[in-house]
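Let me begin by presenting the structure, written as structure tokens, before commenting on it.
These numbers come from the heavy atoms of this one structure, side chains and all, not from hydrogens, waters or symmetry mates. Throughout, protein chains are lettered first and strands after them, A, B, ... in sequence-line order, and every chain is numbered starting at 1.
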Amino acid sequence: EMTYNSLVNACLYQGLLDMASVLFEEMKKENHLPNIVTYTNLINAYGKAGDLRNAMYIFKEMKDKGRVPNVWTYNALLKAHARRGFLEEAYGLYEEMECAGCLPDLCTYNIILDMYGRAGCFDELEKIYQEILINRITPNQVTYNTLLDAYSKNGHSGKALDILEKMIKAGCRPDVWTYNILLTSTGKEGNIIEAGQLYNDMKEAGHLPNIVTYTAMISIYGRNGLIQEAETLWMEMQSAGCLPNLFTYCGMIDCYAHHGMCKE
RNA sequence: UCCCAUCUCAU
């Protein structure tokens, strides 16, 4: 039974959802009851795949079999709905968890904040943020990054700066994600110099750029015809031991394609 | 109050 749980979870960890579900079914046929971690991981995997139907099915099944969903389970299901844009359903789950005696944690709130941010529902977002404070939960880096991303993506750069200030005042150090969010939105607004400045600030603050940073910067330069700069970063990235991924290649190819350099 | 799973960024 422990072996089955481990096998299913190992498959999920490797992204082998199909294999995991085969083992999961086999496990049940042999009358082993999957544990809550296994159920939660499966819900997560289906959620990531955008497969709400199966995520919900697993959730129902676990309840039928007497496994009691915990915060992690609800968070997984919540995120699955949030990412598909099912705001009402997600909020329903949030209320359901309260009824089930399952207290929302900061992850729960972060997921909901992210959901409203993506949807551009700022009134709801503010309401949730207040709820966090009322419940005397201390926002963490993820919370601030989520808020920053929500506001800066929607053109509210002034509000985003307020958040950043709040974050720092609260003693929460901006991390790589924070910088990535800031430089991406700054670049999209056409402030290329400022984006480059943020990139330098980040390094000076002792943060190593990651693949997301490089991809964002390369794309910013590429969109603005600064091919040299994009190429320089491309090489800098490799010498830093950071390998380009599909996102990075797309950024670089776009850069060349939009400036009549198809050969490259 | 053993161990394992959940939240935010780039094309």
- Between A/Y91 and A/E124, is any side-chain donor less than 3.5 angstrom from a side-chain acceptor? no
*Taking NZ, NE, NH1 and NH2 as the nitrogens, is one of them in A/R118 or A/D114 under 4.0 Å from a carboxylate oxygen of the other?*
yes
> Is the closest basic N to carboxylate O distance between A/E89 and A/R84 below 4.0 Å?
Replying inline: no
- Message: So, OP1 or OP2 of B/C7: does either fall under 4.0 Å of a side-chain N or O from A/K79?
- Response: yes
OP1 or OP2 of B/A10 under 4.0 Å from side-chain N/O of A/K153
yes
Whole angstrom value for the distance that separates [atom2] of [N] from [atom1] of [X]:
| X | N | atom1 | atom2 | result |
| --- | --- | --- | --- | --- |
| A/Q14 | B/C4 | CD | P | 19 Å |
| A/M252 | B/U11 | CE | C1' | 13 Å |
| A/I220 | B/A10 | CD1 | P | 11 Å |
| A/F247 | B/C9 | CZ | P | 11 Å |
| A/I36 | B/A5 | CD1 | P | 14 Å |
| A/R67 | B/A5 | CZ | P | 18 Å |
| A/L78 | B/C7 | CG | P | 12 Å |
| A/L12 | B/U6 | CG | P | 11 Å |

*Looking at B/A5, does its base get a donor-acceptor pair with the side chain of A/N5 below 3.5 Å?*
no
Q | Under-3.5 Å donor-acceptor pair between A/N210 side chain and B/A10 base | A | no
What nucleotide, of [options], holds the atom closest to the side chain of [X]?
| X | options | result |
| --- | --- | --- |
| A/N44 | B/C9, B/A5, B/U11 | B/A5 |
| A/T215 | B/A5, B/U8, B/A10 | B/A10 |
| A/V142 | B/C7, B/U11, B/A10 | B/C7 |
| A/C107 | B/A10, B/U6, B/U8 | B/U6 |
| A/N41 | B/U8, B/A10, B/A5 | B/A5 |
| A/R223 | B/C9, B/U11, B/U6 | B/U11 |
| A/R118 | B/C7, B/A10, B/C9 | B/C9 |

### Query
Does the side-chain ring of A/Y214 lie flat on the base of B/A10, meaning centres under 5.5 Å and planes less than 30 degrees apart?
no
Per the under-4.0 Å heavy-atom filter, residues of residues 172-182 of chain A near RNA chain B come out as A/W177, A/N180, A/I181
Aromatic contact between A/F24 and A/Y39, with the criterion being ring centroids under 6.0 Å apart: yes or no? yes
Contacts of A/F59 meeting ring pair (Phe, Tyr, Trp, His ring centres under 6.0 Å) (sequence neighbours excluded), chain-then-number -> A/Y74
**Prompt:** Under a 4.5 Å cut-off applied to non-hydrogen side-chain atoms, are A/I192 and A/I220 in contact?
**Reply:** yes
Under 4.5 Å between side-chain heavy atoms, counting indirect links through other Ile/Leu/Val/Met/Phe/Trp/Tyr residues: same cluster for A/L243 and A/L233 or not? no
Need one value for A/K188: base, sugar-phosphate or nothing, where a base atom within 4.0 Å counts as base even if backbone is also close, heavy atoms only. sugar-phosphate
### Query
What is the nucleic acid contact for A/N9, judged by heavy atoms within less than 4.0 Å: base, sugar-phosphate only, or nothing?
nothing
task = Report, as yes or no, whether the 6.0 Å neighbourhood of atom CG on A/L246 holds more than 12 heavy atoms from other residues, nucleotides or ligands.
result = no
